[in-house]
Amino acid sequence: LVLADKKKIIVILVPLYNESRTITQLYSELCKVVNNLSNYEFKFLFVDDGSRDDSVRLIEQLKLQDHRVQLVELSRNFGKEIALTAGIDHVEQSIDAVMIMDADLQHPPELIPDFIKHWEQGYQIVASKRLSTEKIPLLKRFGSFAFYRFLNAVSDFKMEPGTTDFRLLDHVVVEELKKFREKHRIFRGLVDWLGFKKCFLEFKAPERFGGGAASYSYKKLIQLGVHGITSFSLFPLKVAGYLGVIISSMTVLLMIYMALTQYVWNVEVYTPLAYFMVMNTFLIGLVLSCLGIIALYIGHTYIEVIDRPLFSVKRVLK
Ligand code: UDP
Ligand code: MG
């Protein structure tokens, strides 16, 4: 008796927030792509991030016709990063890979076979880079440039600029991701932090399907940037300390110079106020240094509190 090879199962994970305009279109495009990949079994896992429109009802309807459709409905809007997390947490252990994509068709479903091909070649994370589109406002582009530059300078792992959440993750990576319990998170950052064998595909993002504005406002992007930096680097916490050390050492040198020129070489005369000013600045430096020392401890506490897994194992050979 020969058992037929079990088909690999791929979950297509789509977080969505008020996407009723695109769901039907997205579903039909996904079906088209998936029908040509008969060697795999697919599931469509939609995470509704507290939509206030018809999204949930539409997915319920799809589920009636298609048993592959699954829905995780969040109680309110938590933001995309958390919606993605909820999706990952609900992926069963038996699946082989998760394909993450946006609902607005900016992540072209036609590319899914490409992702799968690279995955089959052994890449555990197939990430993607969005080719620069002229549509992105200058300010956003600059902001993103500055964010990646700064983050890569102050943290000890690399986050590639221009990458998106349009990614395929092997089930090993998915299981590792489930271990992250930190609350302020940039999903992509966590995936990058994990390492694993990774490659990038490039794609051009079309306009948002069905109109509507991208839901990330400048305010949200700034928040995301701040979270990204604070969750992967303690540098901002240490700034006061560095400043303090610089100020105190400069003022000590200055004080020595003043004393030498006035009392040893007798070439200069300073008022008592000048000495007082320098002394005062020295004390400010001292206070900042002490803040820096406190920050070191806070930093340790912070690291412990976010309780990130210590390591992620790629393979064990026994
Ligand atoms: N999204 C979400 N929760 C939110 C905002 C967005 O789940 O609070 C989903 C949205 O439905 C879409 C994806 O995240 O599937 C990307 O959102 P959007 O297109 O607004 O962002 P952008 O394309 O600018 O990254
Ligand atoms: Mg979009």
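All ligand and atom numbering here is 1-based and tracks the order in the structure. This chain uses plain numbering: 1 for the first residue, then up along the sequence.
- No part of Val47 comes within 4.0 Å of ligand 1, judged by heavy-atom distances.
- Among the backbone and side-chain atoms of Asp104, an N, O or S atom lies under 2.8 Å from the Mg ion (ligand 2).
- Per-residue contacts place Asn77 under 4.0 angstrom from the following atoms of ligand 1 (heavy atoms of the residue considered): 3 (N), 4 (C), 8 (O).
- Taking the six-membered ring where the residue is Trp, the centroids of Phe115 and Phe166 are separated by under 6.0 Å.
- When each atom of ligand 1 is checked for a heavy atom of Ala103 under 4.0 Å away, the hits are 12 (C), 15 (O).
- Between the side chain of Ser51 and the backbone N or O of Asp53, no donor-acceptor pair lies under 3.5 Å.
- Remark: ligand 1 atoms within the under-4.0 Å shell around heavy atoms of Glu19 are 10 (C), 11 (O), 12 (C), 15 (O).
- Between Glu175 and Lys178 a salt bridge is recorded (basic side-chain N to carboxylate O distance below 4.0 Å).
- Through direct or indirect side-chain contacts shorter than 4.5 Å among Ile, Leu, Val, Met, Phe, Trp and Tyr, Val278 is connected to Val252, Leu254, Met255, Ile256, Tyr257, Met258, Leu260, Tyr263, Val264, Trp265, Val267, Tyr270, Tyr275, Met279, Phe282, Leu283, Leu286.
- Among residues two or more places apart in sequence or in another chain, the ring-ring contact (aromatic ring centres under 6.0 Å, His included) test is passed with His184 by His227.
- Near Pro15, with a cut-off below 4.0 Å to any heavy atom, the atoms of ligand 1 are 7 (O), 9 (C), 10 (C), 11 (O), 12 (C), 15 (O).
- Note on ring orientation: taking the six-membered ring where Trp is involved, the planes of His300 and Tyr297 are perpendicular (angle over 60°, cut-offs 30° and 60°).
- At a 4.0 Å heavy-atom cut-off, ligand 1 touches Asp102 through backbone and side chain alike.
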